[in-house]
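Before I ask anything, let me first share the structure, which is written out below as structure tokens.
Keep in mind that what you see is a predicted model, and the values were worked out from it rather than measured.
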Amino acid sequence: MRFDSSTPRLLGLAGALAALAIGAGCDTNQNRVFPGLIEGVPPVMDLGSIVPVEVTTRDALAESVIYGEVGPTGTTEDGGVTFNFEGTNGAVCVWIDPETVFWNQSVSPTNASPYYRVPDNPYDDGDLDVDVGQALYYTGTPGESVGTFEVRYEDSNGNVAPIQLSECFGPDPLFAGAQSIGKAGRASPEYCTINNTVAGVEYTVVMRTWSTPIDDDRLGFGMLLMQGSCASLLADSFGEGSSGGAPGPGSTSTMPAREYECVITGEAIEPGKPGGANAAAAGLPERTWLGSEVPFWARSVAFERAFCRREADNDGPGIIEFCREERQTVAANNEQCSWAFDASDPESDAVKCFCGDLDDTPEGGSF
């Protein structure tokens, strides 16, 4: 309900009662803010105890990824994914990649980035925030509720204060060379290295659901728990000579941030598919898959690789070419993109599109 200078003011008790009556008739549906539970998709998932794998090639990495799917809690409570691992007396890397890819469209009239001239589809994007700490300090209940890592300290005067005991630190997004527990944001990979883990000590990893995709409220993700530092995954030389993973020639340089998206691919999971046989054999819960058995949306991996592609490489189309081909295919088949709607819904005749609507491109002076 909106009042402006052209709306007569309501005076006295009668006016107040009228305002209440009008307010009671306003649409107060909050499903977009707190979407309801999705049948068959857990809001809180526990993967149990996982052993960090030793990965030396991109191919081995791809088969070691655990995929899963979580939904909203239907309330203000946080949901997400947890699992435990035992310390190794060395570094352990946790790398997660939530569905799917996000970028801000470049619309500058003077210095537009040629790579991001097309709009993204924001409706199929979700966000998970990763945190790690010793299981002893975890405040949540695996499979039931998501918590944090803290203890309550009471000083000699009886003042109680929580002390945060997270061990998940990564490069600070604002200050070069600094460490922080800052988060990557929508549909962006996150990682952290837990240095000097203690053998025999149990650690808990939390992947907190920050947002689920608007189109179907099912948030797919890929997760890798690996021995060693995450820094090895960020180098072009990792797994040199193998297929898959981030594209580009082997070198000792650090890959561009855009290519982080291709360390794990295939996290855009097609709804309604049964869990994987290999995941079940490994003791993982129902809505999970291992490696190549994940039922990702057709062309979603090609979409990710197009996003990661370097302009200097000739190993496939970039994001501009991918989006142009998608628009042409939809038009030629007389179809329409689903965007904000679930393309897997039997009652929908729309198709899954990964690029955004060109008509949504903002113009100068507009919002």
Exercise. Who pairs with Arg208 by side chain to side chain donor-acceptor pair (under 3.5 Å), at least two apart in sequence or on another chain?
Worked result: Asp78
Problem set entry | Heavy atoms from other residues, nucleotides or ligands near CG of Asn196 exceed 12 (cutoff 6.0 Å) |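 No.
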For this session: Output all residues satisfying side chain to side chain contact (heavy atoms under 4.5 Å, CB included) with Trp339, sequence neighbours left out; order by chain, then residue number.
Result: Asn121, Tyr123, Cys337, Cys353, Asp357
Exercise. Taking only residues two or more places apart in sequence, or in another chain, which ones meet Pro274 in a side chain to side chain contact (heavy atoms under 4.5 Å, CB included)?
Worked result: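 In terms of side chain to side chain contact (heavy atoms under 4.5 Å, CB included), with neighbours along the sequence ignored, Pro274 is linked to no residue.
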Exercise. Do the side-chain N and O atoms of Asn84 and Thr204 include a donor-acceptor pair separated by under 3.5 angstrom?
Worked result: yes
Exercise. What residues join Val351 in its hydrophobic cluster, counting side-chain heavy atom gaps under 4.5 Å, either direct or through other members?
Worked result: Val330
Problem set entry | Residues Asp342 and Arg218 bridged, charged N to O under 4.0 Å |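 Looking at Arg218 together with Asp342, the answer is no, because their closest N to O distance does not fall below 4.0 Å.
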Validation: residues 91-102 side-chain donor-acceptor distances under 3.5 Å, sequence neighbours left out:
residue: Glu99; atom: OE1; partner: Gly220; partner atom: N; Å: 3.0

Exercise. Would you say the side chains of Glu86 and Ser49 form a donor-acceptor pair under 3.5 Å?
Worked result: no
Exercise. Does anything in residues 265-285 pair up under salt bridge (charged side-chain N to carboxylate O under 4.0 Å, His left out), and if so which pairs, sequence neighbours excluded?
Worked result: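 Matches after skipping sequence neighbours: none remain.
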Exercise. Is it the case that Asp217 and Thr212 place a side-chain donor and acceptor less than 3.5 Å from each other?
Worked result: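 Yes, Thr212 and Asp217 have a side-chain donor paired with an acceptor closer than 3.5 Å.
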Problem set entry | Whichever hydrophobic residues join Leu37 through chains of side-chain contacts under 4.5 Å |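 Reading the cluster by chain and number, Leu37 sits alone, since nothing else belongs.
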For this session: Output every pair passing salt bridge (charged side-chain N to carboxylate O under 4.0 Å, His left out) with a member in residues 139-157, not counting sequence neighbours, ordered by first then second residue.
Result: none
For this session: Using side chain to side chain contact (heavy atoms under 4.5 Å, CB included) as the criterion, list what pairs up with Gln134, not counting sequence neighbours.
Result: Tyr137, Glu167, Val201, Tyr203
Problem set entry | Pairwise side-chain hydrogen bond (donor to acceptor under 3.5 Å, both in side chains) hits with a residue in residues 62-77, at least two apart | Glu63-Ser292, Glu69-Arg287, Thr73-Thr75
Exercise. Phe296: what forms a side chain to side chain contact (heavy atoms under 4.5 Å, CB included) with it, not counting sequence neighbours?
Worked result: Val294, Ser300, Val301
For this session: Might you confirm whether atom CZ of Phe341 has over 12 heavy atoms from other residues, nucleotides or ligands at distances under 6.0 Å?
Result: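 Atom CZ in Phe341 is not packed in, count stays at 12 or less.
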Problem set entry | Results of salt bridge (Lys or Arg N to Asp or Glu O under 4.0 Å) for Arg299 - residues two or more places apart only | Glu325
